[in-house]
There are 2 protein chains.
Amino acid sequence: MPRPNLQEQRRAELLPALARAFATDGYAGTTTAGLAAATDLRENQLYRLWPSKKAMFLAVVDHLYDQHVAWWEAQLADRPPDAAIAHILEEEGRHRGESGLHRITFAGLSEARDPEIRAALAGMYERFHAYIVDVLTRRATNRTGAAKKRKANKADVEQASLTAWSLIALGSLTNIARELDLFPVKTQERLFTQVGGALIDPKPPH
Amino acid sequence: MPRPNLQEQRRAELLPALARAFATDGYAGTTTAGLAAATDLRENQLYRLWPSKKAMFLAVVDHLYDQHVAWWEAQLADRPPDAAIAHILEEEGRHRGESGLHRITFAGLSEARDPEIRAALAGMYERFHAYIVDVLTRRATNRTGAAKKRKANKADVEQASLTAWSLIALGSLTNIARELDLFPVKTQERLFTQVGGALIDPKPPH
DNA sequence: ACGTTTTGTAAGTTATCACTTACAGTCTGT
DNA sequence: ACAGACTGTAAGTGATAACTTACAAAACGT
């Protein structure tokens with residue numbers, strides 16, 4: 001049994017370069033030749049690691065989603081819930097721009113006819129939404145006093161769900177705006193802190 | 001001088017079919033053969049009306065934007081500003097789904113590297129934003145009393161600008177959600193009426 | 001009816017696409 | 001050292017892309 005199988009590791013190493021390529025040119029606009037150039041490999045070497053261009057794209061989607069959630073986790077760790085959320089609202093815009101996640105999303109949305117791509121994107125949104133709802137309700141129950149330890153009731157969760165979707169909406173527009181240079185970073189920050197802040201905290205301290 | 005030139009009219013007639021094709025398959029995913037099939041013409045007949053596939057796409061972007069604004073105008077006409085806005089918030093989601101505007105936007109965003117496509121999209125967003133700001137400030141000044149007829153001041157306009165972007169954000173997410181079946185229509189309605197309503201009207205009547 | 005122009009139909013061109021095959025090197029456990 | 005799997009390089013495959021060319025058939029003003 002000669003030579004150990006390092007394919008899994010190789011895949012992981014190549015994903016950032018693939019992500020960059022897909023983010024730059026979209027799904028249909030990215031060629032396998034381009035992917036090979038981006039990874040400094042030949043096309044058939046990529047095809048030894050994934051069965052198709054689509055598989056490469058789906059792997060990229062998963063990779064970026066994991067990366068994004070990991071970033072959230074890092075922001076939440078070692079901070080009290082309120083401070084963590086405020087911090088995320090401030091930093092989310094900046095971070096989103098750096099990862100290529102939003103461009104991959106646009107690319108995927110253009111291919112939403114394809115059931116696998118569609119499912120991958122939908123799963124990503126749903127998991128992210130669930131995650132935010134969890135963060136929001138954890139914070140809400142903490143606030144009402146750990147002593148009571150009341151379970152988040154149905155109305156609370158429903159409200160948190162709407163709020164979570166709204167935050168995701170702000171994030172989506174911010175991505176579009178960044179892509180098209182619609183408004184300066186300052187406006188983007190105000191969107192997140194002012195509007196986003198108002199959303200999660202109906203009575204602003206003024 | 002034989003046969004009048006009806007090209008302009010022909011172009012206008014064909015745009016809806018072209019829009020449908022681009023909306024279905026994205027920009028790069030749509031082939032000129034597909035466009036020909038969608039319009040029931042041959043490829044070279046299309047090329048007699050537009051110089052390239054890109055020109056066809058840009059024409060579609062303009063067409064859908066004009067259509068969307070016309071719809072807004074129709075909603076605003078013959079309604080007092082407040083009622084008109086409420087009505088738009090209720091109907092916007094439904095209407096957006098029917099026109100293919102959002103899918104065209106996704107398609108374009110995947111090609112945002114192309115300066116012409118990028119400019120067309122950016123222009124569309126900016127014009128739409130300006131339009132909403134105008135609607136919002138008209139309403140605000142109306143409210144403070146037509147008698148005073150005070151000019152909208154800078155802070156008002158800035159606030160309206162943020163609100164307008166937020167509404168556009170909700171619209172964008174709604175489109176994504178519709179595309180990916182993220183949540184039911186009811187949630188979508190609540191997003192617009194509850195969150196959207198709160199955005200344009202910080203103190204809800206309760 | 002005629003001359004000019006637009007319209008319709010078909011075929012072709014060149015490039016590039018996703019994906020494959022062939023084969024020579026190279027590494028590893030034994 | 002050597003078998004057997006992995007790695008690298010090159011070339012090739014058929015399909016299909018955007019876009020053209022060629023030419024016959026209408027349509028219109030005169």
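Numbered from 1 within each chain, the chains take letters A, B, ... in sequence-line order.
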### Task
Taking only the side-chain heavy atoms of A:Ser52 (C-beta and beyond), determine which of C:dC19, D:dA17, D:dT20 contains the nearest atom.
C:dC19

### Message
From C-beta outward on A:Gln7, which listed nucleotide comes closest to its side chain: C:dC19, D:dT7, D:dA18?
### Response
D:dT7

Using whole Å, what does the distance between atom [atom2] of nucleotide [N] and atom [atom1] of [X] come to?
X	N	atom1	atom2	answer
A:Met56	C:dA18	CE	P	9 Å
A:Arg11	D:dT7	CZ	C1'	15 Å
B:Arg48	C:dT5	CZ	P	15 Å
A:Trp50	C:dT20	CH2	P	16 Å
A:Phe57	C:dC19	CZ	P	14 Å
B:Tyr47	D:dA22	OH	P	18 Å

### Sub-4.0 Å heavy-atom contacts from residues 12-29 of chain A onto DNA chain C, ordered by number
none

### Query
What residues in residues 33-46 of chain A put a non-hydrogen atom under 4.0 Å from any atom of DNA chain C?
A:Glu43, A:Asn44

### Task
For D:dG8, take OP1 and OP2 only and decide whether either is under 4.0 Å from a side-chain N or O of A:Arg10.
yes

### Query
In terms of ring plane angle, is the pair B:His95 and B:Trp71 parallel, tilted or perpendicular, where the classes change at 30° and 60°?
parallel

When the side chains of residues 186-193 of chain B are checked against the rest of the protein, which donor-acceptor pairs come out under 3.5 Å, sequence neighbours left out?
| residue | atom | partner | partner atom | Å |
| --- | --- | --- | --- | --- |
| B:Arg190 | NH1 | A:Glu158 | OE2 | 2.9 |
| B:Thr193 | OG1 | B:Glu189 | O | 2.9 |

Just jot down the side-chain contact (heavy atoms from CB on, under 4.5 Å) partners of [X], sequence neighbours excluded, or say none.
X	value
A:Ala38	A:Ala21
B:Thr32	B:Glu43, B:Tyr47, B:Lys53
A:Ala37	none

#### Entry: Listed once per pair and sorted, the side-chain hydrogen bond (donor to acceptor under 3.5 Å, both in side chains) pairs that draw on residues 103-119 of chain A, sequence neighbours left out
A:Lys54-A:Asp114, A:Lys54-A:Glu116, A:Arg103-A:Glu179, A:Ser110-B:Ser110, A:Arg118-B:Asp181

### Task
If a pair satisfies side-chain hydrogen bond (donor to acceptor under 3.5 Å, both in side chains) and one of its residues is in residues 163-177 of chain B, list it, with sequence neighbours excluded.
B:His129-B:Trp165

### Query
What do you reckon, are the aromatic ring centroids of A:Phe106 and B:Phe106 less than 6.0 Å apart?
no

### Query
Residues two or more places apart in sequence or in another chain: which of them pass salt bridge (charged side-chain N to carboxylate O under 4.0 Å, His left out) with B:Glu91?
B:Arg94

### Task
Could you tell me whether A:Thr32 contacts a base, only the sugar-phosphate backbone, or nothing, with contacts defined as non-hydrogen atoms closer than 4.0 Å?
base

